[in-house]
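Lettering follows sequence order; numbering is per chain, from 1. These numbers come from the heavy atoms of this one structure, side chains and all, not from hydrogens, waters or symmetry mates.
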Amino acid sequence: MRFALARRRGRRLEPIIEAVIRLCGWSSVLLVLAILAFVVHQAAPVLVQRPIVTEFFTSVAWRPDSVIREQYGGLALLAGTLSVTVLSMAIAVPAGFAGAFFVAEFCRPRTREAFKVVIELLAAIPSVVWGFVGYMAVSPLLLRVTDAPIGVNVLNGAVILALMSVPIVVSVGEDAIDAVPDSFREAAVALGASRTQIAWRVLLPAARNGLLAAALLGVGRAIGETIAVLMVTGHAVQVPHGIFDPVRTLTATIAAELGESVAGSRHYEVLFAIGTVLVCMSLVVNVTADLVVRGSRARAGR
Amino acid sequence: MYPCRRGPAQRRTASNWPNPLQIMLVSALAASCSSPGGEAAAGEYFPPVPSSTHAIVRVTGSDTMVNLVQAWAERYHAVRPHAAVQVAGGGSGVGLAGLADGLFDIAAASRELTAEEHRRIAAGGVAPVEFVVAIDAIVVYVPRTNPLAAIAIPDLAEVYGDGGRIVRWSQLGVAPSRCPSDLIVRVGRQNSSGTYAYFREAIVGRRREYKLGSIDQSGSKDVVAMVAHTPCAIGYSGMAYAAAGVRSLSLARARGGVAVAPTAEATRSGAYPLARRLYFYVRGVPTGETAAFIDWVRGPEGQRLAHEIGFVPAEAGRP
């Protein structure tokens, strides 16, 4: 009797639950659009002023607090973000691809399951913890083994960002390799190819798009990362001349200065303009990754 | 010989792996689920006034002192639950202007009041009374391994000022151990810091920009920790943050002048150049709860709290 009642109530609840789920799905889409609109709206007053935009992209002097003349040159910050991202990808992409091939093709099934769990665990480590690792472990190590005058620098940031993006590259890349039809492998084996030859000559070209998407997702992660890079890159406004120079990234600048800038001031608006630049960068990376993935699916479907 | 893989039945299809757009949306959704109340706590905070409160003391002024006065207010309320101290920043000038208009009981100021401000307050019939409540001393730190003992302020300006020509330790006549590059690594505070603002004004001055490329730390303690771990570093922070791995430099006002070590005595007497007194200004001799609060602040408990926060206790003198 009670059971039947519960079931009837469940049937009545169903449309409500469905509506809630639908709302959740749509809210995420709306949220992304709302965030974009908000950031651009806050930055709008400076985005339409040519001299400020020109200064941002041509000057290295970031002095929002100057008592003489406030300067909003973003070149050093852009150079900081790009140098750390590029170097971290130079580490993470080869390492991630190697990991993906190992997990997908070279290890035993049991090892494979263990590896996948560990990689997922690695991806779940909060970025502030990675910041700690960089600050407390990588920084003293760099001071000891290199001639660098300071341990928090481009290399430290790149190493930490690489550690953070490798799990993404491995798991997405592994799926891409996994998605290559077995017939490819069987044909290669029939031709007498070794495992390495299969990986290098057959799977790498076949999974090319998926692997590219994996790399781009790693780039997206690296560009947007804030707290860890704030802790380990040194937060110094300068264009780096080498991998041992400290830098400051776009994200770290927003994190460090937004809290103290007066709402509606020029400084505040420029920080939002930096946010717009960042949103555009990650949008480009994500959309590119999405298009590439679609390309690979279309090929796989054929 | 055959490549080791799972059987075809277990194989996931391409559609199973996460689409980047999905990842983006999921992470955005996750971000939206985090607590929205986090930001409010970071803003200005007024202590709650309980209904049983009889006396309210209003303190406004120096941003440098906001954290200090806030800490005093909270501790004082714990000691005397019937009294509440309301704290707001805005700047020393804001506090002193408000005092003249009778808006607040106490103006917190990180400088002495000007003749004009004195005149404005006195125009209301009662002259302002000054209390030194703490001393803000900034110390220049180097790692313990650095043999440098003292530095002149003009030299420090060349290290930290834009276009300054001192970039190597050898230019200061020392060769710190484990610093093969010889480059001076400047450690400082990020530009929202009051310590940074004071240091910049006192050392670099208002006519010159601060040299870009310093390692900007978010906390006073971080500066000292960074200096302690970096053999080539120099940095500045509050006096209370001195730690095992660093040494405090004596400062001379001019090249070849007498270098003064940052001691509590030297900061109180004014002999140490990078120290300033922090004041409370009141209209006329304070009475009631205002007087009790000022007495408590200048007493042992208030002064100990000032030391904990990173200021130097003031000498308990008469106003």
Side-chain angles (χ1 to χ4, degrees), chain A residues 24 27-29 31-32 35 60-68 76 104-109 112 139-140 143 147-152 171-172 175-176 178-179 182 185 189 195 198 210 213 216-217 220 230 234-238 246 248 256-257 259-261 286 289-290 293 296-297 300-301, chain B residues 1-8 10-21 23-26 28-29 31-32 39 42-43 162 178-188 190-193 196-197 200-201 206-210 212-218 225-226 229-233:
Chain A
C24 283
S27 75
S28 59
V29 175
L31 215 81
V32 170
I35 288 170
V60 295
W62 176 259
R63 291 193 176 101
D65 57 311
S66 173
V67 287
I68 301 162
E105 298 294 324
F106 287 86
C107 66
R108 293 197 183 148
R112 175 195 173 109
S139 166
L143 279 179
D147 275 350
I150 182 138
V152 284
S171 55
V172 179
D175 284 333
D178 219 26
D182 272 346
R185 294 183 184 83
V189 170
R195 270 195 200 186
I198 293 175
L216 286 174
L217 282 177
L230 177 63
H235 209 56
V237 181
Q238 61 177 5
R248 193 202 269 209
E257 295 182 3
E260 299 288 332
S261 66
N286 274 296
D290 198 38
V293 169
S296 78
R297 277 203 199 140
Chain B
M1 206 49 224
Y2 199 79
C4 120
R5 300 187 318 269
R6 290 176 308 181
Q10 280 174 293
R11 180 169 300 283
R12 278 191 282 164
T13 57
S15 62
N16 256 3
W17 52 283
N19 173 324
L21 191 65
I23 293 178
M24 200 169 82
L25 296 184
V26 166
L29 194 64
S32 73
E39 242 169 309
D162 192 32
R178 296 196 293 126
C179 178
S181 66
D182 193 31
L183 291 171
I184 299 176
V185 174
R186 286 161 290 128
V187 182
Q190 58 198 34
N191 54 28
S192 56
S193 149
Y196 158 80
R200 184 186 64 183
E201 179 144 355
R206 300 193 134 258
R207 300 269 180 84
R208 194 173 182 182
E209 295 283 10
Y210 192 76
L212 292 172
S214 66
I215 314 287
D216 299 338
Q217 298 287 301
S218 57
M226 179 60 72
H229 293 128
T230 310
C232 305

Partners passing side-chain contact (heavy atoms from CB on, under 4.5 Å) against B/S181 (at least two apart in sequence or in another chain):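 Applying side-chain contact (heavy atoms from CB on, under 4.5 Å) to B/S181 gives A/P149, B/C179, B/L183, B/C232.
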
Qualifying residues under side-chain contact (heavy atoms from CB on, under 4.5 Å), relative to B/Q190, sequence neighbours excluded: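 Expected list: A/H235, A/A256, B/S192, B/D216, B/S218.
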
Would you mind checking which part of [X] comes under 4.5 Å of any heavy atom in chain A, side chain (CB onward), backbone (N, CA, C, O), both or neither?
X: B/Q217; result: side chain
X: B/R200; result: side chain
X: B/R207; result: backbone

For A/A61, is it the side chain, the backbone, both or neither that has a heavy atom under 4.5 Å from a heavy atom of chain B?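 Contact with chain B involves both backbone and side-chain atoms of A/A61.
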
Flag side-chain contact, heavy atom, 4.5 Å: A/V189 against A/I198: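 Side chain of A/V189 against side chain of A/I198, heavy atoms only: contact under 4.5 Å found.
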
Heavy-atom distance under 4.5 Å between the side chains of B/L212 and A/R63, does that happen here?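 Yes, at least one pair of side-chain atoms sits under 4.5 Å.
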
Using a cut-off of under 4.5 Å on heavy-atom pairs, state which of A/L143, A/L216, A/L230 scores highest against chain B.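 Answer, by heavy-atom pair count under 4.5 Å with chain B: A/L143.
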
In terms of heavy-atom pairs under 4.5 Å, which option from B/E201, B/M226, B/R186, B/R208 contacts chain A the most?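 Sorted descending by pairs with chain A, the first entry is B/M226.
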
In terms of side-chain heavy atoms, does A/D65 have a donor or acceptor partner in B/Y210 at a distance below 3.5 Å?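 The answer is no; no qualifying pair exists.
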
